[in-house]
Amino acid sequence: MNPYILSILLFGLGLGTMTTFASSHWLLAWMGLEINTLAIIPLMAQHHHPRAVEAATKYFLAQAAAAAMLLFASTTNAWLTGQWDIQQMTHPFPITMITLALALKVGLAPLHAWLPEVLQGLDLTTGLILSTWQKLAPFSLLLQMQTSNSTMLILLGLASTLVGGWGGLDQTQLRKILAYSSIAHLGWMILVMQFSPSLSLLALMTYFIMTFSAFLVFKLNKATNINSLASSWAKMPVITSLTPLILLSLGGLPPLTGFLPKWLILQELTKQALPLTATLAALTALLSLYFYLRLCYAMTLTMSPNNLVGTAPWRLPSFQLTLPLATTTTMTILLLPLAPAAMTLMTI
Amino acid sequence: MLKILLPTIMLIPTTWLSPAKQLWTTTLAYSLIIAFASLAWFNSPTETGWSCMNMYMATDPLSTPLLALTCWLLPLMILASQNHTSSEPAGRQRMYITLLTSLQIFLILAFSATEVIMFYIMFEATLIPTLIIITRWGNQTERLNAGTYFLFYTLAGSLPLLVALLLLQNSTGTLSLLTLQYAPAMELSSYADKFWWAGCLLAFLVKMPLYGAHLWLPKAHVEAPIAGSMILAAVLLKLGGYGMMRMMTMLEPLTKELSYPFIIFALWGVIMTGSICLRQTDLKSLIAYSSVSHMGLVAAGILIQTPWGFAGALILMIAHGLTSSALFCLANTNYERTHSRTMILARGLQMVLPLMAAWWFIASLANLALPPLPNLMGELMIITSLFNWSWWTLTLTGAGTLITAGYSLYMFLMTQRGPIPTHMMALHPTHSREHLLIILHLLPLILLILKPELIWGWSA
């Protein structure tokens, strides 16, 4: 893509999110979200491949519907309470509608149906932006609203972890697997949002780091389905041996970083007298773990046959930037002992 | 405490930086030094309290035998793995030893943890190296299924444990074992508390394993390479027993009634798995089911909550760890020669490998709990305490002892006596390494006859 256009679009992405971060008025927040959507649509469709254009269209429709609902809800709130302040929402009806609108924006179950198909149509880099950056703006809005509607948030959370686990079980395409992983992790974040927004933010940040590593590993392998991961042992043996740890961290196994948000969220839920919710959420994490484990098996724990030429591509130079991968992989595997520090840093 | 932990951690750089020719000798010597140093833990001046303490770790008479067993097992695993990994590139051999060492580190941290959440995290952490050892270095396609069963059975039990521990922390304010065992008994009267009780114990019962939740064990033990089978049988099952013994004091008045079905499951499991052993054709599968059988007795002994029950459980855990690991090593010597685990394909070995037959004999006698070996001591103490609880358990435990004797002798006679098959013409004579391996298993077992105080816990 023309570098000027690319930089304008990336600046647009940044502007949109920053506008939403900085806003205390619902209209400004909505504007930021719309700028974000508009900026990413050309990025999604840049390859002009029919599947990519289809993904961009679906994304636009879902996000536009969510933004319209958001606008309607904030207008209703202005009508009912006389003010547009984000942090002063008191009436339950607009709160519920805005929560559902933001759930559609972000991809929480039962409003998740667009996410796997959109992610499948994108290349891995744009998919990474969709999975990480695009979640920030709606999240900032969700965190600022003092929601009193606890049942709905818990239901959204549990449904998301369930759908994220179950939906991913049948997939062989890596981008769809990552989409369902995203849904599951968002479910965990929503579960604890009303009790401890800082834990929600911690879960979001650890999810960003883990999914960044996963996307980068797949990008390095140029792999889009499970079978193409099977040849990575010959091309990059060290990354292949570290990837199970990244995937098991996404699955939330101790002593890896991914366990940290789950542990703290379960602790918060038990403190709030919701042990059954906690147990259900924990057990649904096992569903996601199954497909992460399947990826581990296909990639590292079995050595797929390869012809002689295929065993030595590591001799050819490659110019991919692996420093971000190294940083995020280290953080994905080793951050659990920093749990107390992480907790003190996340003070909202 | 750190005198053992830090050298074990430093074994990992040692593995990667040693020259390839000296890799196995270096790691073996290093881990043997650590193992001998770990025996110093037995010399604890306080008989019922904690010793060797730092902020996060301590030892007491319950954890010391298990820690020593763990440290003792690493050189044995390295000895056992030397042959079957010899055809692999050096990097993969180093990776294998690194996995064994990391398992060791997590196990030391688990057994010496003074806070229950740290024990939980280390308990779960042992799953990852074991999973990688089973699925990457196992020999048949079934190993993937075995790894999945292993991981998911254990996790399905241990996630409710995490929630139960967090609930416990809410009500008592602390999860430090130093104070938790002296905390006043909790008000455990509601229906939900019964689920909490089950949540606390389920993970350990699956790990032990209890008869109903034991399906992962035959798969995992059979498909694992020899080091994997050794560490699984000798130590990882004991994590379950150790966890149960730690948690029991907090579960107080509920255990009297709620443990009833689990004791019955455990005892019935002794009979059932013993009977299955009598019909096995796969040697490793026989030893695996024998493990379930013995651990069923351990589970029953712990759930009884009497001093003899606890002491018997601990003694049986240590004795069974050494015996089962020895049997797996012996089975592996067969496997490395014939590449088959089928028993009828490798019979009459007494004619071919007579000294190995002597080790088979001693190990089989240990398995069937021959006096004066500690296996008998443990079993007898558990059977007695169960008899004290209810006379009827004697039918199950007595029949269990009989069936255990039956299948242990069956295993010995099947592999050692009888006609040699005609296809076994060129078996390697026993390596000294293999003799050393078995002796290092059986010698501690025999020496423990002379000083059982080391392994009977607090009931000194």
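Lettering follows sequence order; numbering is per chain, from 1. What you are looking at is a predicted structure, and each value in this text was computed from that prediction instead of being measured.
Note that CD of A:Q267 and CG of B:L167 are 10.5 Å apart. Values are rounded to the nearest 0.5 Å. Expressed to the nearest 0.5 Å, how far OG1 of B:T135 lies from CG of A:L293 amounts to 7.5 Å. Here the CD1-CH2 distance, from B:I121 to A:W263, works out to 4.0 Å after rounding to the nearest 0.5 Å. Atom CE of A:M303 and atom CZ of B:R92 lie 4.5 Å apart (nearest 0.5 Å). In this structure, CG on A:L301 lies 9.0 Å from CH2 on B:W137, to the nearest 0.5 angstrom. With rounding to the nearest 0.5 angstrom, the CZ atom of B:R136 is 13.5 Å from the SG atom of A:C296.
Looking at A:L286, both its backbone and its side chain come within 4.5 Å of chain B, counting heavy atoms on both sides. Neither the backbone nor the side chain of B:L165 comes within less than 4.5 Å of any heavy atom of chain A. Proximity to chain B involves both the backbone and the side chain of A:Y290, based on heavy atoms less than 4.5 angstrom apart. The part of B:Y120 that comes within reach of chain A is its side chain, from C-beta onward, which places non-hydrogen atoms under 4.5 angstrom from that chain. For B:F195, no part sits under 4.5 Å from any heavy atom of chain A, backbone or side chain. Heavy atoms closer than 4.5 Å to chain A are found in the side chain of B:L162, but not in its backbone. Heavy-atom distances place no part of A:L276 under 4.5 Å from chain B, backbone and side chain included. Proximity to chain A (any heavy atom under 4.5 Å) is restricted, for B:I128, to the side chain, taken from C-beta onward. When heavy atoms are compared at a cutoff of 4.5 Å, B:L127 does not approach chain A at all.
Of the residues considered (B:I117, B:L131, B:L151, B:L159), B:L159 shows the highest number of contacts with chain A, using heavy-atom pairs under 4.5 Å. The most heavy-atom pairs under 4.5 Å with chain B, out of A:L266, A:L245, A:L256, come from A:L266.
With a 4.5 Å cut-off on side-chain heavy atoms, A:T302 and B:L144 count as touching. Inter-residue side-chain proximity for B:L166 and A:L269 is flagged as unmet; no heavy-atom pair is nearer than 4.5 Å. Under the 4.5 Å side-chain criterion, counting only non-hydrogen atoms from C-beta, A:T300 is not in contact with B:I132.
B:A156 and A:L283 get closest at one heavy-atom pair: O-CD2, 4.1 Å. In terms of heavy atoms, B:V163 sits closest to A:P275 at CG1-O, 3.9 Å.
A donor-acceptor pair shorter than 3.5 Å can be found between the side chains of A:Y297 and B:T148.
Scored by the side-chain contact (heavy atoms from CB on, under 4.5 Å) test, A:L280 finds A:L158 as partners (sequence neighbours excluded).
The number of heavy-atom neighbours closer than 6.0 Å to CE of B:M10, taken from other residues, nucleotides and ligands shown, is 12 or below.
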